[in-house]
Amino acid sequence: MNRFVQRAPCVVRHGIAGPVEVRDGRGRPLRYSDAGDGALRIALSKGNSALITARGDRPDLTIAPVRPNGEAPWWGLEDA
């Protein structure tokens with residue numbers, strides 16, 4: 001079976017000061033290049049994603065409920 005994996009460059013202007021790391025959804029490093037003007041060019045397979053962080057930063061990516069910082073309706077705030 002001949003399998004063709006479609007790839008297209010993903011160009012992201014990130015705004016993170018200093019060196020960065022680019023990782024896939026499992027935390028593995030992804031190859032990237034400098035696209036100039038504060039942007040990175042990342043080769044991604046269709047349907048994949050990338051996480052860009054400051055070098056050495058390992059944010060907690062756990063999805064969990066957030067404690068409210070005040071009283072609010074359960075299903076969103078009223079329109080302003």
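Because only heavy atoms are used, hydrogens play no part in the values below, and waters and symmetry mates are left out as well, while side chains stay in. These numbers were taken from a predicted model, which means no experiment stands behind them.
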Q) With no hydrogens and no angle check, is any side-chain donor or acceptor of Arg13 less than 3.5 Å from a backbone partner on Asp37? A) yes

Q. Going from CZ on Arg31 to CG on Leu40, what distance comes out if it is rounded to the nearest 0.5 angstrom?
A. 15.5 Å

Q) Measuring from Leu51:CG to Asp57:CG, what's the distance to the nearest 0.5 Å? A) 9.0 Å

Q: Apply salt bridge (Lys or Arg N to Asp or Glu O under 4.0 Å) to Arg41 and list each qualifying residue two or more places apart in sequence or on a separate chain.
A: none

Compile the donor-acceptor pairs under 3.5 Å between side chains in residues 16-24 and protein atoms, sequence neighbours left out, one pair per line.
from  : atom 1 : to    : atom 2 : distance (Å)
Glu21 : OE1    : Arg58 : NH1    : 2.6
Glu21 : OE1    : Arg58 : NH2    : 3.2
Arg23 : NH1    : Gly27 : O      : 2.6
Asp24 : OD1    : Arg26 : N      : 2.9
Asp24 : OD1    : Gly27 : N      : 3.0
Asp24 : OD1    : Arg28 : N      : 2.8
Asp24 : OD2    : Arg28 : NE     : 2.8
Asp24 : OD2    : Arg28 : NH2    : 2.9

Q: Check Ala50 against Leu30 and note the closest heavy-atom contact, atom names and distance.
A: CB-CD1, 3.7 Å

Q | Pro59 and Leu61, any side-chain heavy atoms less than 4.5 Å apart | A | yes

